[in-house]
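Have a look at the structure below before the remarks.
Whatever order the structure lists them in is the order used to number ligands and atoms, beginning at 1. In this chain, residues are counted from 1 in sequence order. Below, all heavy atoms of this structure are taken into account, side chains as well, without hydrogens, waters or symmetry copies. Only a predicted model underlies this, so the values are computations on that prediction, with no experimental measurement involved.
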Amino acid sequence: MKKHLLSINDLTAGDALEILNTASELAKISDGPMKKLPTLRGRTVVNLFFEDSTRTRISFESAAKRLSADVINFSAKGSSVSKGESLKDTAQTLQAMGADAVVIRHGASGAAQRLADSGWISASVINAGDGTHEHPTQALLDSYTIRSKFPEFRESFDGLKVGIVGDILHSRVARSNVLLLTKLGAHVTLIAPPTLIPVGVTDWKVDVSYDLDSIINKVDVLMVLRVQSERMADSFFPSEREYSRGYGLDLARLNSLKESAIVMHPGPMNRGLEISAESADSHKSVVLAQVSNGVLVRMAVLYQLLGGAALAGEVSA
Ligand code: CP
């Protein structure tokens with residue numbers, strides 16, 4: 001695996017499967033008596049968050065602590081960034097504190113790449129979401145969750161049908177998931193109003209539909225995306241009511257999914273807009289499993305990037 005994880009394009013299918021398999025091993029260990037592993041003792045992981053986060057920030061912190069790393073949490077709010085300190089000076093300050101890995105979330109697409117290419121720091125850089133570009137660990141935890149629900153697709157997603165519905169245009173989760181799901185062999189259909197489909201989608205290895213009702217009973221996985229109002233300067237649909245009517249997962253649509261199908265959402269959810277409360281809380285929903293699996297997958301990523309000791313040795317240590 002490369003030094004940094006900036007994009008799913010940094011991973012081969014084999015690299016991705018290795019991360020998912022490592023997460024499965026870590027899940028087995030976590031079920032045993034030893035909850036905390038000494039693997040990254042003496043290492044420092046910095047969480048550098050310039051944008052809000054609940055799940056990603058907390059799960060990276062939990063993952064690093066479960067591997068015995070020291071953790072520094074940095075949030076732009078309340079830091080010297082609000083006094084005008086640059087990314088370079090912030091990064092170099094963290095480097096001086098001895099960071100081995102920097103987990104960065106930033107509102108600008110390409111910020112993680114900039115940090116990795118800059119030479120300002122020697123640490124591994126992990127992209128925890130950059131603008132509308134990518135969120136690779138979200139895609140990895142989503143694939144881990146799919147594998148855990150469909151063991152028959154453990155080695156490959158060949159034959160798996162995934163629908164991704166919602167605000168594709170602004171979604172880094174959609175971009176990373178399209179790259180990873182198709183790399184692993186899944187067939188992906190993007191479903192959204194034409195205004196929320198990116199212009200360059202013809203270059204993606206996906207089908208596109210504007211009609212959720214014609215697709216819904218064909219998919220094994222329905223991934224519902226948040227409507228990202230905070231990134232919308234213009235109006236992308238006539239009203240929230242019309243959006244929900246066309247693209248929201250309500251009870252009627254939930255009932256038209258295959259019996260075996262699962263519903264995913266990366267969170268945070270806009271209940272009543274892209275997903276109804278009944279759908280979010282239904283037995284088909286794996287939203288909370290996605291959150292739990294996020295810790296295991298981020299442990300696996302830190303473990304792979306920072307070169308932890310062999311897991312077998314850890315268990316017997
Ligand atoms: N899925 C996700 O990235 O959630 P947070 O914004 O809460 O980290």
Task: Numbered atoms of ligand 1 (with element) below 4.0 Å of Gln138, judged on heavy atoms - done: 1 (N), 2 (C)
Task: SB check Asp220 Lys258 (cutoff 4.0 Å) - done: yes
- [ ] Would you check the N or O atoms of Arg57, main chain and side chain alike, for any that come under 3.5 Å of an N or O of ligand 1?
- [x] no
- [ ] Mark up the atoms of ligand 1 that fall under 4.0 Å of a heavy atom belonging to Thr54, in ascending order.
- [x] 5 (P), 7 (O), 8 (O)
TODO: Return yes when Gly129 approaches ligand 1 closer than 4.0 angstrom through a heavy atom, no otherwise.
DONE: no
Open item on the list: Counting non-hydrogen protein atoms only, what is the nearest one to atom 6 (O) of ligand 1? Give residue, atom name and distance.
Closed with: Arg105 NH1, 2.9 Å
Task: Min side-chain heavy-atom separation Val45-Ile126 under 4.5 Å - done: no
TODO: Inspect the contact between Asp167 and Arg226 and indicate whether a charged nitrogen and a carboxylate oxygen are less than 4.0 angstrom apart.
DONE: no
Open item on the list: Looking at Lys2 and Asp15, is any side-chain nitrogen of the basic one under 4.0 Å from a carboxylate oxygen of the acidic one?
Closed with: no
- [ ] State the CZ-CG distance between Arg114 and Leu87, to the nearest 0.5 angstrom.
- [x] 7.5 Å
- [ ] Check if Glu51 has a non-hydrogen atom at a distance under 4.0 Å from any atom of ligand 1.
- [x] no
Open item on the list: Tell me the protein heavy atom at minimum distance from atom 4 (O) of ligand 1, and give that distance in Å.
Closed with: Arg55 NE, 3.1 Å
- [ ] Could you tell me whether some N/O pair between Pro268 and ligand 1 is separated by less than 3.5 angstrom?
- [x] no
Task: Those atoms of ligand 1 less than 4.0 Å from some heavy atom in Thr56 - done: 2 (C), 3 (O), 4 (O), 5 (P), 8 (O)
Task: Residues which pass salt bridge (Lys or Arg N to Asp or Glu O under 4.0 Å) with Arg298, listed by chain and number, not counting sequence neighbours - done: none
Task: Contact summary for Ile19 and Ala300, nearest pair of heavy atoms - done: O-CB, 3.5 Å
- [ ] Could you check atom 1 (N) of ligand 1 against the protein and tell me its nearest heavy-atom contact, residue, atom and distance included?
- [x] Pro266 O, 2.9 Å
TODO: Please list all pairs passing the side-chain hydrogen bond (donor to acceptor under 3.5 Å, both in side chains) test where one or both residues lie in residues 260-274, with sequence neighbours left out.
DONE: His265-Glu274, Asn270-Glu274, Arg271-Asp281
Task: Those atoms of ligand 1 less than 4.0 Å from some heavy atom in Gly267 - done: 1 (N), 2 (C), 4 (O)
